[in-house]
Chemist: 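Can you keep this structure in mind? I'll have questions shortly.
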Amino acid sequence: MRKCYFDHAATNPLHPQVFDAMIPFLKEDFGNPMSVYDLGIRAKMAIENARTQVASLINAKPSEIIFTSSGAEANNFALRGIALARQNEGKHIIVSKMEHHSILNSARFLEKMGFAVTYLPVDKYGLIDPDIVKKSITKETTLISIIHASSEVGIIEPIKEIAMVAKEKGIIFHTDAVAAAGNISVDVKELNVDLLSMAAHQFYGPKGAGALYVREGLRIVPLIYGGIQENGRRAGTENVPAIVGMGKAAELAKAELSARMGSVKKLRDRLVDGILKVENVYLTGHPTDRLPGHASFCVEYIEGEAMLLLLAARGIYSASGSACSSKALKASPVLLAMGIPASLAQGSIVFTLGTDNSDDDIKYLLNEFLQVITRLREISPYAKGWGVWRKVDNVFRKSNGPFYKPQECW
Amino acid sequence: MRKCYFDHAATNPLHPQVFDAMIPFLKEDFGNPMSVYDLGIRAKMAIENARTQVASLINAKPSEIIFTSSGAEANNFALRGIALARQNEGKHIIVSKMEHHSILNSARFLEKMGFAVTYLPVDKYGLIDPDIVKKSITKETTLISIIHASSEVGIIEPIKEIAMVAKEKGIIFHTDAVAAAGNISVDVKELNVDLLSMAAHQFYGPKGAGALYVREGLRIVPLIYGGIQENGRRAGTENVPAIVGMGKAAELAKAELSARMGSVKKLRDRLVDGILKVENVYLTGHPTDRLPGHASFCVEYIEGEAMLLLLAARGIYSASGSACSSKALKASPVLLAMGIPASLAQGSIVFTLGTDNSDDDIKYLLNEFLQVITRLREISPYAKGWGVWRKVDNVFRKSNGPFYKPQECW
Amino acid sequence: MYSEKVMDHFTNPRNVGEMPDADGVGTEGNPTCGDVMKISIKVKDGRIVDAKFKTFGCGAAIAVSSMVTEMVKGKTLEEALSISKETVANELGGLPPQKMHCSNLGADALKKAIEDYKSKQM
Amino acid sequence: MYSEKVMDHFTNPRNVGEMPDADGVGTEGNPTCGDVMKISIKVKDGRIVDAKFKTFGCGAAIAVSSMVTEMVKGKTLEEALSISKETVANELGGLPPQKMHCSNLGADALKKAIEDYKSKQM
Ligand SMILES: Cc1ncc(COP(=O)(O)O)c(C=O)c1O
Ligand SMILES: Cc1ncc(COP(=O)(O)O)c(C=O)c1O
């Protein structure tokens with residue numbers, strides 16, 4: 001059976017060159033980078049080389065990169081590390097409703113520690129308005145953290161504009177670029193951000209390696225204390241193979257970025273065009289300001305996990321923000337924050353493309369998808385409309401206007 | 001040139017079977033364990049299998065194992081996670097001066113947050129007296145954390161006895177078993193500990209995987225917030241290959257433990273006998289209660305880094321607790337806590353053996369070591385004694401008694 | 001995650017459909033929070049002779065509906081009422097724990113259908 | 001970590017030894033916190049004609065001592081006094097930053113040796 005991986009937002013396969021770069025560090029070059037003899041020095045040099053590669057991807061200095069074990073760790077580190085470092089200056093931070101759990105739940109932890117947190121609303125596209133950010137700032141605000149791109153609806157937020165709002169008020173600005181870095185051009189100088197999170201497995205690098213960019217001179221409280229690894233800012237024996245892999249993946253992403261973006265976007269546009277031909281299927285997220293490989297939809301009258309599993313049975317891997325498809329059994333808070341009614345959010349289905357996808361994959365997907373939807377709608381009691389649930393639905397349609405006539409906006 | 005790796009306390013080479021177990025998860029089985037389709041389920045099942053293997057190594061239940069990215073992370077998690085979870089019951093914790101930086105610096109962080117911390121003294125062997133632990137307990141004490149075995153001087157602490165002291169007072173007990181687990185028999189039921197840290201790279205597993213055992217029912221505050229990975233107790237996309245490797249390494253360690261301990265101890269005893277034939281070389285740590293592969297010394301009149309590098313130039317890898325050999329430029333606080341004078345601590349040299357070492361390695365080491373010492377003593381201004389520094393030294397010798405006549409105690 | 005039997009009933013659900021001449025119809029659930037099942041039954045001489053379902057929901061929900069409509073055929077109303085979440089899950093070779101609660105609405109929808117039938121008889 | 005030249009001077013140190021008939025001896029450092037260097041010089045007609053060292057310390061400390069004793073030979077006292085931490089480190093092809101401060105005591109020990117010589121002349 002054909003296998004088409006359309007879930008690159010969940011994680012990526014390893015690039016073969018990344019795999020090759022890692023292997024020596026799983027074999028003969030197993031030394032601890034803290035050791036002062038040749039075996040340790042080789043490991044240390046490999047890490048520093050990776051640091052340069054990762055820095056280069058986002059136009060930072062190597063000394064501004066702190067390796068972590070994941071995007072989630074980088075986010076926890078940024079939010080809590082800055083909030084704590086600056087708590088004498090104020091105890092208010094601002095995040096948005098589009099954030100990943102690792103930001104939201106870190107923010108909740110800070111609330112328990114006595115911080116005030118503002119969770120910014122978003123519009124129907126998931127867009128965060130810089131003006132609303134500005135209005136949320138108080139004298140107590142020390143940190144603003146906004147997601148760069150959403151892995152759920154693909155939207156790319158106006159980070160540069162929001163960072164400028166923060167800068168004007170002298171507030172530290174962090175962006176969670178886990179879904180963005182390596183997939184679109186991300187330049188910390190141009191964006192003018194103070195901190196930025198990333199994860200290797202989002203750009204064909206390995207699981208187990210993430211990074212936090214921390215602008216030179218900025219004080220941050222460590223999340224993991226211990227030895228002097230990462231200049232005393234993140235302890236623990238370094239995961240050398242994964243860090244080396246992240247470096248290689250960053251180097252490849254930088255070199256191939258525009259080619260990758262171009263080819264993936266072409267396929268994605270074809271996918272979106274095809275899927276929106278199906279009736280009562282709506283695009284979620286922004287029509288144009290979105291990750292090049294990202295296509296996300298809500299399909300009316302059926303549920304996401306059922307779609308996802310029937311597709312998987314046909315070798316097509318995708319994701320869903322429906323309650324039943326999440327292990328936490330909650331519909332995606334991001335979809336709800338965008339004003340999508342809960343019943344419609346159940347029909348969430350997300351395809352995220354990568355360099356391993358081909359034109360034939362798209363054809364295959366479109367064909368199978370139509371069959372799966374048809375099948376599930378036959379089973380659904382709502383195939384002819386939401387019935388008593390229509391009311392909710394109509395209210396939503398009205399308030400959200402033309403967005404849900406995708407033909408007009410795509 | 002012959003290569004002899006005698007620095008297993010720093011990190012271990014990967015067991016070939018561990019390497020083989022990891023490879024599929026760096027290739028075709030790259031799925032995210034949170035994904036609900038087959039690729040995700042395979043990754044999830046591999047993690048759960050590894051959890052069972054790791055639990056089995058220490059006689060725990062799989063649900064009591066939380067994977068982390070390192071031993072340092074497990075230690076931070078344990079200390080801060082329990083201190084915070086129980087802060088309404090008291091704000092005093094007890095650790096020892098033998099602890100790893102990841103415990104000591106976590107403790108210092110807690111001090112900044114308003115906790116009181118007792119740092120227990122040790123005797124000349126590095127031994128912690130359960131009676132002193134008992135006396136340090138106050139009504140405010142909520143947590144005691146004691147290292148199981150020291151990677152610096154190899155001593156194995158009386159964990160069972162100390163845990164009993166804690167239990168009697170209803171205090172939570174954590175042990176840092178990073179250097180112990182997989183190298184000696186560690187059984188959480190027999191030790192009766194509530195939490196226990198470990199790291200895969202200390203028993204021929206990969207870097208990037210550690211674990212914290214948390215006794216069933218014990219509440220702990222997460223260190224890394226985010227999604228529902230690890231049952232909501234440790235967020236971040238799981239490092240599947242490393243976790244799988246840790247599981248395999250645990251399985252192998254369990255199966256081969258007594259064979260490994262026996263062979264490594266035989267070599268170690270030969271090494272110690274040989275080295276103590278050199279004049280003015282002293283064993284550090286306990287003569288008998290020590291890790292089977294651990295041999296640590298102080299060599300008078302010369303400095304550790306110089307020894308270490310000359311040995312490395314001859315293909316022999318070792319470690320030192322001297323100031324110059326540490327990247328932090330501080331002599332090992334553990335050696336100083338044991339009462340070793342700073343001048344003697346400069347002569348620290350540590351050999352930690354593993355399953356990859358042979359009898360011929362020991363012969364080679366003993367021969368080269370004598371040459372290196374002789375050479376460096378020729379260069380040293382103190383070769384005929386410490387001169388003005390002797391006073392310090394004599395005081396130390398007197399107060400420490402026969403320990404520094406190793407012939408008598410080994 | 002799902003047993004083979006669940007996957008079988010999910011991918012090849014039995015008894016999908018409406019029943020224009022149903023003797024009883026029961027709906028359980030709510031699309032805003034997850035799954036909805038609608039079960040229609042035909043009753044003859046105190047026995048359920050036919051059952052159909054329509055379901056909005058996840059794989060488990062569809063499999064449960066399919067299984068319930070299979071289990072119920074030929075049963076007396078009393079027998080049918082004794083079908084529970086657990087018996088359905090057991091017939092399916094087990095359900096993931098988190099699905100037991102939310103997606104296992106078949107027995108409840110069936111009860112409602114039987115009540116509907118009974119209320120019409122009065 | 002160390003340059004090739006450092007490794008060369010560390011593994012094959014020049015001028016190791018004491019000098020029973022030294023004209024000046026200088027010791028710098030402290031074994032309780034790291035490195036100690038003892039430099040002995042022989043002076044003739046205002047020039048250093050021979051130098052020896054003994055060092056307790058790390059690789060960098062030994063290499064620095066070896067290099068200083070090499071650099072100093074044939075130099076006038078004034079020239080010798082102009083040798084600094086930086087010139088020694090440069091001659092060695094650089095030292096790791098953390099070693100610049102603690103292990104680079106050669107110039108200081110040399111200064112003490114020259115002072116010792118001078119004080120004996122008075
Ligand atoms: C006793 C002890 N605790 C903690 C650690 C830290 O573990 P890791 O290096 O995996 O972070 C070590 C490291 O060797 C150790 O020996
Ligand atoms: C936007 C965003 N932030 C954070 C994360 C968490 O990263 P990780 O899974 O590496 O912990 C993700 C995961 O995909 C993400 O998409």
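Residue numbers start from 1 in every chain, and the chains themselves are labelled A, B, ... in the order their sequence lines are given, proteins ahead of strands.
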Chemist: B/Phe30 and A/Thr11: which non-hydrogen atoms are nearest, and at how many Å?
Modeler: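 Heavy atoms only, the tightest pair is O-CG2, 3.2 Å.
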Chemist: Please flag which part of B/Leu223 lies under 4.5 Å from any non-hydrogen atom of chain A: side chain, backbone, both or neither.
Modeler: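 Both parts, backbone and side chain.
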Chemist: What residue, out of B/Asn75, B/Thr237, B/Leu14, has the most heavy-atom pairs lying under 4.5 Å from chain A?
Modeler: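 Of the candidates given, the most pairs with chain A belong to B/Thr237.
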Chemist: We want to know whether A/Ser322 and A/Glu305 form a side-chain donor-acceptor pair, criterion being a heavy-atom distance below 3.5 angstrom.
Modeler: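 There is no such pair between these side chains.
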Chemist: What closest approach, in Å, do B/Gly208 and B/Asn239 show between heavy atoms, and which atom pair accounts for it?
Modeler: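 In this case the closest contact between B/Gly208 and B/Asn239 is O-ND2, 3.6 Å.
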Chemist: For B/Gly226, is there any backbone N or O sitting under 3.5 Å from a side-chain donor or acceptor partner on A/Asn105?
Modeler: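 Judged by distance alone, yes, a pair lies under 3.5 Å.
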Chemist: Go through the atoms of A/Glu28 and report whether side chain, backbone, both or neither lie under 4.5 Å from a heavy atom of chain B.
Modeler: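 Neither part.
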Chemist: Using a cut-off of under 4.5 Å on heavy-atom pairs, state which of A/Gly31, A/Gly71, A/Pro222 scores highest against chain B.
Modeler: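 Of the candidates given, the most pairs with chain B belong to A/Gly31.
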Chemist: Go through the atoms of A/Ile228 and report whether side chain, backbone, both or neither lie under 4.5 Å from a heavy atom of chain B.
Modeler: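 Just its side chain gets close to chain B.
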Chemist: Quick one: pull up NE2 in B/His201 and CE in B/Met246 and give me the separation to the nearest 0.5 Å.
Modeler: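 So the gap between those two atoms works out to 9.5 Å.
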Chemist: With a 4.5 angstrom heavy-atom cut-off, could you sort out which part of A/Ala10 is near chain B: side chain, backbone, both or neither?
Modeler: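 Answer is both: backbone and side chain atoms of A/Ala10 are under 4.5 Å from chain B.
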Chemist: Can you give me the closest heavy-atom contact between B/Ala235 and A/Ala72, atom names plus distance?
Modeler: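 Closest approach of B/Ala235 to A/Ala72: C-CB, 4.1 Å.
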Chemist: Go through the side-chain N and O atoms of B/Ser197 and B/Asp176 and say whether any donor and acceptor fall under 3.5 Å apart.
Modeler: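 No, because no side-chain N or O of B/Ser197 sits under 3.5 Å from a partner of the opposite role on B/Asp176.
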Chemist: Rounded to the nearest 0.5 Å, what separates atom CZ in B/Arg233 from atom CZ in B/Phe67?
Modeler: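 The distance works out to 12.0 Å.
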Chemist: Could you walk me through whether B/Tyr37 and A/Leu311 pass the side-chain contact (heavy atoms from CB on, under 4.5 Å) test, one step at a time?
Modeler: CA-CA 9 Å; B/Tyr37 43 74; A/Leu311 286 169; over 6 Å; no
Chemist: Counting only heavy atoms closer than 4.5 Å, note whether A/Ser70 contacts chain B via side chain, backbone, both or neither.
Modeler: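 The side chain, not the backbone.
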Chemist: Could you tell me which portion of A/Leu26 (side chain, backbone, both or neither) has an atom closer than 4.5 angstrom to a non-hydrogen atom of chain B?
Modeler: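 Contact with chain B is through both the backbone and side chain of A/Leu26.
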Chemist: Is A/Leu309 in contact with chain B via its backbone, its side chain, both, or neither, using a 4.5 Å heavy-atom distance?
Modeler: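 Contact with chain B involves the side chain of A/Leu309 alone.
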Chemist: For B/Asn12, which atoms come within 4.5 Å of any heavy atom of chain A: side chain, backbone, both, or neither?
Modeler: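 Backbone only.
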Chemist: Is chain B contacted by the side chain of A/Ile103, its backbone, both, or neither, given a heavy-atom distance below 4.5 Å?
Modeler: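 Neither part, no heavy atoms under 4.5 Å.
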Chemist: So what's closer than 4.5 Å to chain B heavy atoms on A/Arg234: side chain, backbone, both or neither?
Modeler: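 A/Arg234 touches chain B through side-chain heavy atoms alone.
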Chemist: Which bit of B/Arg108 is near chain A, if near means a heavy-atom gap under 4.5 Å: side chain, backbone, both or neither?
Modeler: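 For B/Arg108, no heavy atom lies under 4.5 Å from chain A.
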Chemist: For A/Pro206, is it the side chain, the backbone, both, or neither that has a heavy atom closer than 4.5 Å to a heavy atom of chain B?
Modeler: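 Contact with chain B is absent: no heavy atom of A/Pro206 under 4.5 Å.
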Chemist: For a side-chain hydrogen bond (donor to acceptor under 3.5 Å, both in side chains) check, start with the C-alpha distance between A/Thr352 and A/His8, then their side-chain angles and the critical distance, and finish with the verdict.
Modeler: CA-CA 5 Å; A/Thr352 43; A/His8 291 81; 5.0 Å; no
Chemist: Please check this pair: side chain of A/Ser150 against backbone of A/Glu152, looking for a donor-acceptor N/O pair closer than 3.5 Å.
Modeler: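 Judged by distance alone, yes, a pair lies under 3.5 Å.
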Chemist: Of the backbone (N, CA, C, O) and the side chain (C-beta and beyond), which part of A/Tyr5 lies under 4.5 Å from a heavy atom of chain B, both, or neither?
Modeler: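 The answer is the side chain of A/Tyr5.
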Chemist: I need the contact set between residues 15-23 of chain A and chain B: heavy-atom distance under 4.5 Å, sorted by residue number.
Modeler: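 Checking residues 15-23 of chain A against chain B gives A/Phe19, A/Met22, A/Ile23.
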Chemist: Chain A heavy atoms under 4.5 Å from B/Asn76: which part of the residue, side chain, backbone, both or neither?
Modeler: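 Just the side chain, heavy atoms under 4.5 Å.
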Chemist: Sub-3.5 Å donor-acceptor pair from the side chain of A/Gln346 to the main-chain atoms of A/Ala323, do we have one?
Modeler: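 The answer is yes, because a donor-acceptor pair under 3.5 Å joins these two groups.
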Chemist: Describe, in one word, how the ring planes of A/Phe351 and A/Phe369 are oriented to each other, choosing from parallel (under 30°), tilted (30 to 60°) and perpendicular (over 60°).
Modeler: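 Taking A/Phe369 first and then A/Phe351, their aromatic rings stand perpendicular (interplane angle over 60°).
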Chemist: Relative to chain A, which segment of B/Ser325 carries a heavy atom at a distance below 4.5 Å: side chain, backbone, both, or neither?
Modeler: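 The answer is the backbone of B/Ser325.
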Chemist: Please name the pair of heavy atoms, one in A/Val244 and one in A/Ala46, separated by the smallest distance, quoted to 0.1 Å.
Modeler: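 Heavy atoms of A/Val244 and A/Ala46 come nearest at CG2-CB, 3.7 Å.
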Chemist: Heavy-atom pairs under 4.5 Å with chain A: which of B/Ser69, B/Gly236, B/Gly40, B/Ala209 has the most?
Modeler: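 Among B/Ser69, B/Gly236, B/Gly40, B/Ala209, the one with the most close pairs to chain A is B/Ser69.
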Chemist: Determine yes or no for a side-chain-to-main-chain donor-acceptor pair under 3.5 angstrom, with B/Gln202 supplying the side chain and B/Ala9 the backbone.
Modeler: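 Yes, B/Gln202 side chain to B/Ala9 backbone: donor-acceptor pair under 3.5 Å.
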Chemist: Look only at the side chain of B/Glu99 and the backbone of B/Ile147, and say whether a donor-acceptor pair between them is shorter than 3.5 Å.
Modeler: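 Yes.
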Chemist: Is any residue of residues 312-320 of chain B within less than 4.5 Å of chain A by heavy atoms, and which ones?
Modeler: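 Checking residues 312-320 of chain B against chain A gives B/Ala312, B/Tyr317, B/Ser318.
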Chemist: Against chain A, label B/Leu84 side chain, backbone, both or neither, depending on which of its atoms sit under 4.5 Å from a heavy atom there.
Modeler: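 Contact with chain A: side chain only.
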Chemist: With A/Tyr204, which residues qualify under ring pair (Phe, Tyr, Trp, His ring centres under 6.0 Å), at least two apart?
Modeler: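 In terms of ring pair (Phe, Tyr, Trp, His ring centres under 6.0 Å), with neighbours along the sequence ignored, A/Tyr204 is linked to no residue.
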Chemist: Nearest 0.5 Å please: distance from the CG atom of B/Leu39 over to the NZ atom of B/Lys44.
Modeler: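 Answer for the CG-NZ pair, B/Leu39 versus B/Lys44, is 15.0 Å.
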Chemist: Taking A/His100, A/Glu73, A/Gln229 one by one, which has the highest count of heavy-atom pairs under 4.5 Å against chain B?
Modeler: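 Highest number of heavy-atom pairs under 4.5 Å: A/Glu73.
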Chemist: Please list all pairs passing the salt bridge (Lys or Arg N to Asp or Glu O under 4.0 Å) test where one or both residues lie in residues 3-18 of chain B, with sequence neighbours left out.
Modeler: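 Qualifying pairs: A/Asp38-B/Lys3.
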